[in-house]
Amino acid sequence: MLSKIILSATFLFSVFTAYAQSDTGQEINTKMLKVSNNIYMLEGKGGNIGLSFGDDGIFMIDDQYAEGIEQIQNDIKKISDKPVRFLINTHFHGDHTGGNVAMAETGTVIFSHENVRSRLQDIMEAEKKKTPKESLPVITFSDDLTFYFNGEKIYVFHVHNAHTDGDAMVYFTKSNVLHAGDVFFNGKYPFIDTNNGGSINGYLSAINKALIVINEDTKIIPGHGDIASYSDFKDFQEMLSISYRKVAKQYLLNKTEAEVLADTSLTQMYDDKGYGDGFINRERFVKMLYAEFAKENAGSESNNEKNTKAREKIEEMKKKHAAKSKN
């Protein structure tokens, strides 16, 4: 236990920070952090990028926004001049896929879960401005995918209806590093895109699946936030599970959404730790939990209503049968 504490306290990342400007003149700050021997995390304007460097080339996870991709490519070249051969999109959101076109133009092969490509296609069709087809992943999968690259097995696995309906996590088995995508917001309340297939129960199931794959020594790259440990991931799981149970209990006590939002004690412990200081504040988080349980409970309420009507009908039939018997 002491050795783990010492290791945790003395763990240092190799870091370099870069500054650039987008075409609009907006400053873009990026930071490259060494996670293990050949695995890095690149922080920037969008979701965290994962990178594997080695003799086979570069394996990349997500690519943030289009306006920052030139700086990202420059940062990568500071580590290696080898090509980025493969890029996975962990889901379809623009802060993780915005650089797809630029990466495809360099010959990078983009892959994703099949629902990611479908949702990107839907966006392309809905937009008035034509989006290049190069933004689409050219290889898709439905469940799992395995790469043997840079001297290790890279396990890519789909988690169902979590942050979206197309989420993938990436586990570097030899390096013992997991990129969790947006199924992990380290130290913050998560955004669960319920309009695009995400769900609270799917999110919790995804975390459970990841915890089976990894171990206590695994380093984790979250979709947003600092590089995390196994215990950080467990703390996040506990926060989400406890918060959901508390909101669900209030719903079952017939509390309205407004009443639940007004009860700050439900999330006070986590608010005090800064969980609501990110993209999703306390109000948005609690509203999402309340809506999710209401949706889940709607089926039960509907079944209860059907059962009640069925019992009433049976009682009515019994009375009619009893009346006929008397006659």
Side-chain angles (χ1 to χ4, degrees), residues 13-35 39-53 57-112 116-117 119-120 123-124 127 129-138 163-164 166-168 170 179-186 188 190-191 193 221-228 278-280:
F13 299 118
S14 174
V15 181
F16 71 77
T17 304
Y19 304 90
Q21 284 189 335
S22 67
D23 293 337
T24 62
Q26 183 180 5
E27 189 177 81
I28 298 172
N29 299 336
T30 58
K31 185 185 292 185
M32 186 76 80
L33 300 142
K34 189 172 184 178
V35 184
I39 307 296
Y40 287 72
M41 182 181 94
L42 194 153
E43 290 181 339
K45 187 178 178 182
N48 290 327
I49 292 173
L51 295 156
S52 166
F53 295 94
I58 301 167
F59 184 99
M60 184 173 180
I61 305 167
D62 290 335
D63 51 25
Q64 298 188 0
Y65 292 106
E67 60 263 34
I69 195 63
E70 183 178 353
Q71 178 60 44
I72 290 165
Q73 290 171 324
N74 290 336
D75 289 345
I76 291 171
K77 287 175 184 176
K78 291 176 183 177
I79 304 292
S80 172
D81 59 1
K82 288 183 179 291
V84 177
R85 291 183 56 192
F86 302 108
L87 164 66
I88 179 171
N89 295 144
T90 58
H91 59 289
F92 80 96
H93 290 154
D95 61 326
H96 295 258
T97 61
N100 278 10
V101 174
M103 295 306 301
E105 288 173 350
T106 66
T108 300
V109 177
I110 304 174
F111 63 102
S112 72
V116 173
R117 180 181 169 93
R119 292 204 176 275
L120 288 174
I123 292 170
M124 287 172 62
E127 286 181 344
K129 182 181 177 181
K130 184 68 175 176
T131 303
K133 63 180 177 60
E134 287 78 13
S135 66
L136 296 174
V138 296
H163 174 62
T164 66
D167 298 297
V170 183
H179 192 300
D182 277 6
V183 183
F184 184 23
F185 286 63
N186 190 12
K188 304 298 176 188
F191 169 51
D193 191 352
I221 300 174
H224 297 268
D226 297 335
I227 296 171
F279 172 61
I280 299 297

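One-based numbering along the sequence shown. What you see is a predicted model; the values in this text were computed from it and never measured.
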Considering only heavy atoms from C-beta outward, does the side chain of T108 approach that of I58 to under 4.5 Å? no
For the residue pair H224 and F185, does the interplanar ring angle fall in the parallel (under 30°), tilted (30 to 60°) or perpendicular (over 60°) class? parallel
Looking only at heavy atoms, what is the nearest atom pair of Q64 and K45, with distance? OE1-N, 3.3 Å
T97 side chain near P137 side chain, heavy-atom distance below 4.5 Å: no
Do the side chain of N186 and the main chain of G225 share a donor and acceptor less than 3.5 angstrom apart? no
Passes side-chain contact (heavy atoms from CB on, under 4.5 Å), T106 versus V84? Steps please. CA-CA 8 Å; T106 66; V84 177; 5.6 Å; no
As an exercise, state the distance from CE of M103 to CG of N100, rounded to the nearest 0.5 Å. 9.0 Å
Between L42 and T30, does the side-chain contact (heavy atoms from CB on, under 4.5 Å) criterion hold? Intermediate values first, please. CA-CA 7 Å; L42 194 153; T30 58; 4.0 Å; yes
Set out, in order, the CA-CA distance, both residues' side-chain angles and the distance that settles side-chain hydrogen bond (donor to acceptor under 3.5 Å, both in side chains) for Q71 and D75, then state yes or no. CA-CA 6 Å; Q71 178 60 44; D75 289 345; 2.7 Å; yes
Side chain proximity check, V138 to V109, heavy atoms < 4.5 angstrom: yes
With a 4.5 Å cut-off on side-chain heavy atoms, are I61 and L51 touching? no
Measure the shortest side-chain to side-chain distance between D226 and E43 over non-hydrogen atoms and say whether it is less than 4.5 angstrom. yes
Once rounded to the nearest 0.5 Å, what's the spacing between atom NE2 of H93 and atom CG of L120? 10.0 Å
With side chains defined as the heavy atoms from C-beta onward, is the minimum distance between I76 and M60 less than 4.5 Å? yes
Grab the two heavy atoms, one from Y40 and one from I221, that are nearest each other, plus how far apart they are. O-CD1, 4.0 Å
To the nearest 0.5 angstrom, please state how far the CD1 atom of I280 sits from the NZ atom of K188. 12.5 Å
Kindly say whether D193 contributes a backbone atom to a donor-acceptor pair with the side chain of T164 at under 3.5 angstrom? no
When you measure from the side chain of N89 to the backbone N and O of I110, does any donor-acceptor pair fall under 3.5 Å? no
Taking all non-hydrogen atoms of both residues into account, name the closest pair between G46 and Y65 and its distance. CA-CE1, 3.9 Å
With rounding to the nearest 0.5 angstrom, report the CE to CE distance, M41 to M32. 10.5 Å
Where G223 and D182 come nearest, the two heavy atoms and their spacing: CA-OD1, 3.2 Å
Would you give the length of the straight line joining atom CG of L33 to atom CG of N48, rounded to the nearest 0.5 angstrom? 8.5 Å
Please work out whether the ring planes of H91 and H96 are parallel, tilted or perpendicular, with thresholds of 30° and 60°. tilted
Taking the side chain as every heavy atom from C-beta outward, state whether H163 and F191 have any atom pair closer than 4.5 Å. yes
Got D63 and I72 here, is their nearest side-chain heavy-atom distance under 4.5 Å? no
Please name the pair of heavy atoms, one in Q73 and one in A102, separated by the smallest distance, quoted to 0.1 Å. NE2-O, 3.8 Å
